[in-house]
Amino acid sequence: MAVPLALMEKVPLRHLDTEDWTGKSMAVLDTPLNSRYAFEFLSALTPRWVREDRVWGAIQTVLGELVESDGGPDALSISKRLEALLERGEHRRSPLSEDESLELSAFTSIAKQLGQQFLFMVEIDAERVETRTILKYSVDQDAPRHSRGQSKRVVFRLQVPDMGFAASQHIEVELPDGVVLERLTLEGTIFEGDLQEGLATDEPEGWLQRTSGHVTVRPNARFLKGELWVWVVPAKQGLYRFAKVSIVMVTLVVCATWLIRANSEVLLREVVIPSPSASILLIGPALLLSWFSRTTEHTLVAKVQGPLRLALLGTALVLLIMAALAAVPVTAEVWAIAWVVATCIQSAAFLLLLYFASDLRRKMGRRDF
């Protein structure tokens with residue numbers, strides 16, 4: 001017996017894994033068989049008065065093309081042909097009753113959905129009918145749509161078009177290393193109807209940091225569509241802590257250097273410039289900071305840690321300027337200009353760190369994005 005598990009985007013699936021109630025892998029239907037079942041599903045869902053109309057033959061052809069399409073613009077053009085055929089039948093049937101209009105709206109919405117997404121199905125034993133059964137699937141997806149807004153956290157959202165398929169849905173999101181979950185919220189709509197806020201929320205308590213979130217919901221409608229909002233922030237024990245220590249220490253060094261310039265005898269007995277040893281000592285931390293500021297391979301981590309890496313890159317540039325000034329004898333005018341530039345860069349890096357740290361303490365809502 002074939003059971004629909006999900007609606008998925010019509011793209012090649014990566015690392016698809018399915019498990020039955022015993023933890024064993026399940027057989028997955030291939031694309032042609034999935035398309036056939038989707039066509040039969042839409043045919044059964046078609047309003048009776050449409051099947052009795054003379055356009056039914058043409059509609060069947062369009063439905064077959066729709067479920068076999070690759071999605072995108074191709075499916076959109078086929079959906080328009082389907083709407084045109086339905087309008088012709090509706091004009092002959094007019095006026096439609098309220099129930100007939102609702103049935104037609106539901107059918108049209110689901111047909112469009114199956115044009116853009118395919119019906120992912122698995123096979124189970126028929127004896128499991130009317131028995132509570134837990135089926136799991138997992139798949140790697142491309143980086144989702146995200147938004148930063150005025151915040152230094154990143155918010156992204158995932159579509160859950162199949163939320164009404166089962167009596168209960170368990171949705172889990174796992175984040176890559178370097179970022180942690182701030183909040184996970186699941187919302188839903190029926191077709192294109194009103195938003196149902198607060199279906200489920202997962203938020204770590206206190207200072208607890210987690211790289212995964214899990215929500216459970218019991219759909220109250222068969223055709224309920226979900227939208228998952230995920231708030232992501234940097235992990236405090238990783239690059240964030242390193243950036244705080246490094247940027248603050250270099251800022252203190254820059255402030256101390258201004259004090260030495262004003263009166264060198266306050267901190268040092270004698271200042272010797274150029275100083276090759278001082279230049280070598282400064283180049284080491286600069287190379288370390290520039291290495292930490294490199295962009296990571298995961299796009300989500302790069303987005304979240306972007307401001308921190310930019311601040312570290314500025315701090316590394318300041319250390320390189322200090323190393324150059326300590327190694328190369330320059331005129332007083334050049335030295336003063338270079339030092340003002342270094343001070344401005346380090347001040348910007350420090351202010352960026354302060355804004356980043358203070359912003360992460362704020363609780364953000366969906367309307368902030």
| note | Separation between CD (Glu182) and CD (Glu203), nearest 0.5 Å, reads 7.0 Å
| said: Is it true that Glu68 and Ser35 share a donor-acceptor pair across their side chains at a distance under 3.5 Å? | reply: no
| message | Just to verify, which of Gln60, Glu103, Arg51 counts as forming a side chain to side chain contact (heavy atoms under 4.5 Å, CB included) with Thr46? | response | Arg51
Can you list, pair by pair, the side-chain donor-acceptor contacts under 3.5 Å of residues 82-90, counting residues two or more places apart and other chains?
| from | atom 1 | to | atom 2 | distance (Å) |
| --- | --- | --- | --- | --- |
| Glu83 | OE2 | Lys112 | NZ | 2.4 |

| message | Just so I know, are the side chains of Ser79 and Leu66 near enough to count as touching, which here means a heavy-atom distance under 4.5 Å? | response | yes
| field | Contacts of type side chain to side chain donor-acceptor pair (under 3.5 Å), residue Arg241, not counting sequence neighbours | value | none
| task | Would you check if the side chain of Ser77 reaches a backbone N or O of Asp74 as a donor-acceptor pair within less than 3.5 Å? | result | yes
| query | By side chain to side chain donor-acceptor pair (under 3.5 Å), which residues pair with Lys244, not counting sequence neighbours? | reply | none
| query | In Å, rounded to the nearest 0.5 Å, how long is the span from CG of Leu181 to CG of Leu175? | reply | 6.0 Å
| query | Are any non-hydrogen side-chain atoms of Gln346 and Val250 less than 4.5 angstrom apart? | reply | yes
| field | Any Ser246 side-chain heavy atom under 4.5 Å of Leu312 side chain | value | yes
| task | First locate atom CG of Leu352, then atom OG of Ser347, and finally report the distance between them rounded to the nearest 0.5 Å. | result | 12.5 Å
| Summary of ring-ring contact (aromatic ring centres under 6.0 Å, His included) pairs that have at least one residue in residues 167-187, sequence neighbours excluded | His170-His214
| What's the verdict on side-chain contact (heavy atoms from CB on, under 4.5 Å) for Ile110 and Phe41, showing C-alpha distance, side-chain angles and the deciding distance? | CA-CA 10 Å; Ile110 295 172; Phe41 171 69; 3.8 Å; yes
| note | Rounding to 0.5 Å, atoms CG (Leu45) and CG (Leu114) come to a distance of 9.0 Å
| Take atom CZ in Arg36; do more than 12 heavy atoms of anything else shown fall under 6.0 Å from it? | no
| task | Start with the C-alpha gap between Leu228 and Val173, add the side-chain angles, then the distance that decides, and say whether side-chain contact (heavy atoms from CB on, under 4.5 Å) holds. | result | CA-CA 10 Å; Leu228 194 67; Val173 174; 3.4 Å; yes
| message | Looking only at side-chain N and O atoms, does Glu227 offer a donor or acceptor that is under 3.5 Å from a partner on Trp229? | response | yes
| message | Nearest 0.5 angstrom please: Asp53 CG to Ile59 CD1, how far? | response | 7.0 Å
| Non-neighbouring partners of Arg48 that pass side chain to side chain donor-acceptor pair (under 3.5 Å), sequence neighbours left out | Glu52
| Which one of Val67, Thr61, Leu63 satisfies the side chain to side chain contact (heavy atoms under 4.5 Å, CB included) criterion with Glu65? | Thr61
| request: Give a yes or no on whether Ile78 and Leu76 share a hydrophobic cluster (residues Ile, Leu, Val, Met, Phe, Trp, Tyr; joining criterion: side-chain heavy atoms under 4.5 Å apart). | output: no
| said: Surrounding CD of Glu174 (heavy atoms of other residues, nucleotides or ligands, distance under 6.0 Å), is the total greater than 12? | reply: no
| Are the side chains of Glu172 and Ser212 in touch, meaning some heavy atoms are under 4.5 Å apart? | yes
| field | Nearest atoms (heavy-atom pairs only) where Ala311 meets Ala349 | value | O-CB, 3.6 Å
| said: Tyr240 vs Val233, test: side-chain contact (heavy atoms from CB on, under 4.5 Å). Steps then yes/no. | reply: CA-CA 10 Å; Tyr240 182 45; Val233 295; over 6 Å; no
| said: According to side chain to side chain donor-acceptor pair (under 3.5 Å), who are the partners of Thr343, at least two apart in sequence or on a separate chain? | reply: Trp258
| request: State whether Arg183 and Asp202 are salt-bridged, where the test is any N-O pair (Lys NZ or Arg NE/NH1/NH2 against Asp/Glu carboxylate O) under 4.0 Å. | output: no
| query | Got a second to check how far Phe242's CZ is from Ile247's CD1, nearest 0.5 Å? | reply | 9.0 Å
| field | Trp339 side chain near Met322 side chain, heavy-atom distance below 4.5 Å | value | yes
